[in-house]
Number of protein chains: 2
Amino acid sequence: MSTGGSQKRVNLQSVAEEAGVSRATASLVLRESPLVSAETRKRVIAAMHKLGYIYNRGAANLRRQRTGTIGVVLCNIGSPFYSKLLIGIDEVFVDAGIVALLVNSAENIERQMRQIWRLREHGVDGLIICPAVGSDETLLSEIEKTGLPYVQVLRHVSPTAGDYVGPDYAGGTDLAVSHLVRHGRRKIAFLGGNPVHSAACERLEGFQRALRRHCLESDLIVPTDLDNLSDFGSLESLMASASPPDAAICYNDMVALSLMGRLLSEGELPGRDFAVIGADNLPQAATSFPTLTTIVTDPVGVGRNAARLLLDRITEPRASSMRVLVSGQLMVRESCGGPLP
Amino acid sequence: MSTGGSQKRVNLQSVAEEAGVSRATASLVLRESPLVSAETRKRVIAAMHKLGYIYNRGAANLRRQRTGTIGVVLCNIGSPFYSKLLIGIDEVFVDAGIVALLVNSAENIERQMRQIWRLREHGVDGLIICPAVGSDETLLSEIEKTGLPYVQVLRHVSPTAGDYVGPDYAGGTDLAVSHLVRHGRRKIAFLGGNPVHSAACERLEGFQRALRRHCLESDLIVPTDLDNLSDFGSLESLMASASPPDAAICYNDMVALSLMGRLLSEGELPGRDFAVIGADNLPQAATSFPTLTTIVTDPVGVGRNAARLLLDRITEPRASSMRVLVSGQLMVRESCGGPLP
DNA sequence: CTGTTAGCGCTTTCAC
DNA sequence: GTGAAAGCGCTAACAG
C-alpha cells in the first residue's frame, strides 16, 4: 500500500509482522509481561516505534470488558470548588492509569440521568457523582440497577445509602462558631444559602448545634442567593433590628467577600465592627481588605478520597458502603480574630 | 430481581432474538434508519426496554473507526477561567453528541505529551489544547504527525501555525487604556505577569501599542507572580519613585483585587486616588469594595467557538487553518470611571 | 517462551 | 425491508 493520505492504520498485526512474531506475543510485550524474552521484546518495541504504533484501547476494552475510564458527574463544572475537586480525582486516576469522563448535570436532574446513561454507553467502569439539587434515592437505585460502582461526593441523597465522600461541613461551621464566641461575639448570623442539598443542610445543622452548645440563640439565619451576591435578603432588616448581629458566618467566601464590601461601603470595618467568616479559602481571601477569616475545606482531598474509594469499590463490589468526612480547619485572618489592618 | 452477579450482558444479539429479527435490523433501529418498518421498529424498541439494553459505543467505535469523543488538554483545570471555557465546549459537544475527555497538563510539557498520547490511545476524534508554558511548534508537528485534528485555545505556540481560538487580549487591554486616558490618567502601570505565553504577550503588546497611540510612555511594566498575589515585585519602588503611576491595568481580577486590598490598607481609595482595572470579571469584581472595573473576556464564548471550529475541522480536514479572536468589553465600576462609593 | 484460535459487540456491504 | 457474513484491533485460553 503506497502511503497516500489514507495509509492503513498500523495495528498489532503490522507490528508483529515487522518484528517477525505473532500478534499474541506482541500483545504480551505491550503489557510488559515477563513471559517474553528480552530479545524478542526489544525487536517488538523497535517495530512499534518504527511504525508509530498507537495502542487501541477501544479494541482492548471490548475484549477485556472494562475501559479504564470513570464517569464524573458534576452539577456545576464552572465553579472553582469543583475544579479543585477534579484535581484531586485526577491525581489518583493518573496514577491508576484511568481517564475521567467529565459531564455536567448543571443542577438539572433530567440532564443528570441522560448524562449517566451516556456514560454507561461509553462503558465507564464506575461513577463519581455530585447529585444535582432535587435528586433523591431513586438516583441511587437507578445506578445500582445497572450494577455500576459509584461514589457520591460533596452531597448525598440520603444520610445512609451508598458511598459518600465530602468535607466535614458541620465540623467546619462548628470551628467558626467557637472561634467567634472566643472573640466575644454573641449575636451570630448565618448567611447560609438555602438548605436545598445535604451540604447546605449540614452546615446549617452544624451552626445550630454549635450555638446550642454555647447556649446562644440561633435565630439569625438568613437564606442567601448564591448566584446574586448583592442580595442579602433579610439581612437588611436584621441589621436594623433591636439586637442586630455582631458577626456572620457565610455560606462561602464569595458571600463573605460581598458582605465585607457591603460593610465597608457603609463605613463599618469588618473584623472590628463586625466579624465575618467565610468558607473555601479562595485565593482572594488572603488578599482582600480586610483579609478574610475562613473555613478551609479541602476539595482536593475530597477528590482524592472519592477516587480512591471508588477504585476500592470497583475491586471489592460487595464491601459495605462507607461515609468519608474530610476534616477542615479555620484560617484566621483580619476579618475575625487576626490583627486588625 | 435476583440478578446473580454475572448474568450475560445484554447485547444487540439478545435484543434481536427477543424481537425476532436479525442483529443487522436491530442495529438499524438503533440509528433511527428509515429503512426499517414502523412495526418492526416498535418490536425492537420494546425488546430493548424489556431487556434493559445498553448501547455499547466501544464496540460501535471499533467498527466505525471513530469514537465520538474529543480530548481537552488544559494546563490548569483548577482555574475558574478554564472551567468557564469547559462550559462553552461542553455546550457544543452535548448538542453534537460528543463527550469530552478532560486531561490536565498542569503546565508541564512532558506530562502534556503523555496525556495527548493517552488520549490518542483512547481514540479521540480530535483535540482541544491549551499549550502548557514552554510548548513550541514541535507540539503541533507531533500532533499533526498523527493526523489528529486539533484546535489551540487561549494560547498558541506560533502566531500563524494551526487553528486557534482565544479572547482578543490586545483589544481588551486597549479598551482599558483608552478608558483610563479618558479619565485623565497618564501614568499607567501594567501588572502584567510574565510574558511566558502568547496570552500574556498579547496583553502586553496591546498595552504598549495603546500607550504609543496615546503618546504615553510605557515604562511602568511590572511582572507579577500570579500564584503569590501578595508579591507585587517592583511596584513598591515604582510607587515610591519621583513620578509614581496613578493607575494600573492588572493581568486579571485576582491581581487587581489584591492590589485594591493593598491600596486600602495603605489608606488610598481605589477609583479616587488610584485607578485599577482588572480582567476576567470574576463574580467578586461586582461586590468588592470598591467594585472593580474590569476587562470582560468571554471564556464560554471561546469554548463554544473552539468546539465548533474543531467539529468543522474534523469534517473538513483540508481546509486552511483559522484564527478566531473573541472580542471583549469593559465593565465599568467604581475602581475606575464608575461613581465613587 | 511463542503461536493458534476464538471471540468481545457492533456496523456494513451485499444478497434476497 | 430484512438477513448473512465479514471484519474493526485486541486479549485470553490453550497448545506446542
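Numbered from 1 within each chain, the chains take letters A, B, ... in sequence-line order.
Here the straight-line distance linking atom CG of A/Leu12 with atom CG of A/Leu30 works out to 5.0 Å at 0.5 Å rounding.
In this structure, CG of B/Leu62 is placed 9 Å from C1' of C/dC8, rounded to the nearest angstrom. To the nearest angstrom, C1' of D/dG1 lies 17 Å from NZ of B/Lys42. For the pair A/Asn61 CG and C/dG9 P, the computed distance is 13 Å after rounding to whole Å. Rounded to a whole Å, the CE atom of A/Met48 is 14 Å from the C1' atom of D/dC10. Rounded to an integer number of Å, the gap from CZ of A/Arg66 to P of C/dG9 is 16 Å. To the nearest angstrom, C1' of C/dG9 lies 15 Å from CZ of A/Arg120. To the nearest angstrom, P of C/dG9 lies 17 Å from NE2 of A/His122.
Side chain to side chain, B/Ser14 and B/Asn11 meet the donor-acceptor criterion of an N or O pair below 3.5 Å. A side-chain N or O of B/Ser27 and one of B/Arg31 form a donor-acceptor pair less than 3.5 Å apart. There is no side-chain donor-acceptor pair under 3.5 Å between B/Arg41 and B/Ser37.
For C/dG9, the OP1/OP2 oxygens have a side-chain nitrogen or oxygen of A/Gln65 closer than 4.0 Å. For the OP1/OP2 pair of C/dG3 and a distance below 4.0 Å, the side-chain nitrogens and oxygens of A/Thr25 include at least one atom meeting the criterion. For A/Thr40, a side-chain nitrogen or oxygen approaches OP1 or OP2 of C/dT2 to under 4.0 Å.
With sequence neighbours excluded, no residue forms a side chain to side chain donor-acceptor pair (under 3.5 Å) with A/Asn61.
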Open item on the list: Within the 4.0 Å limit for protein heavy atoms, which parts of nucleotides 10-16 of chain C are touched? Write it as a string from 5' to 3', B for base, S for sugar-phosphate only, - for none.
Closed with: BBB----
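Comment: A/Glu107 engages A/Arg155 in a salt bridge, judged by a side-chain N to carboxylate O separation of less than 4.0 angstrom.
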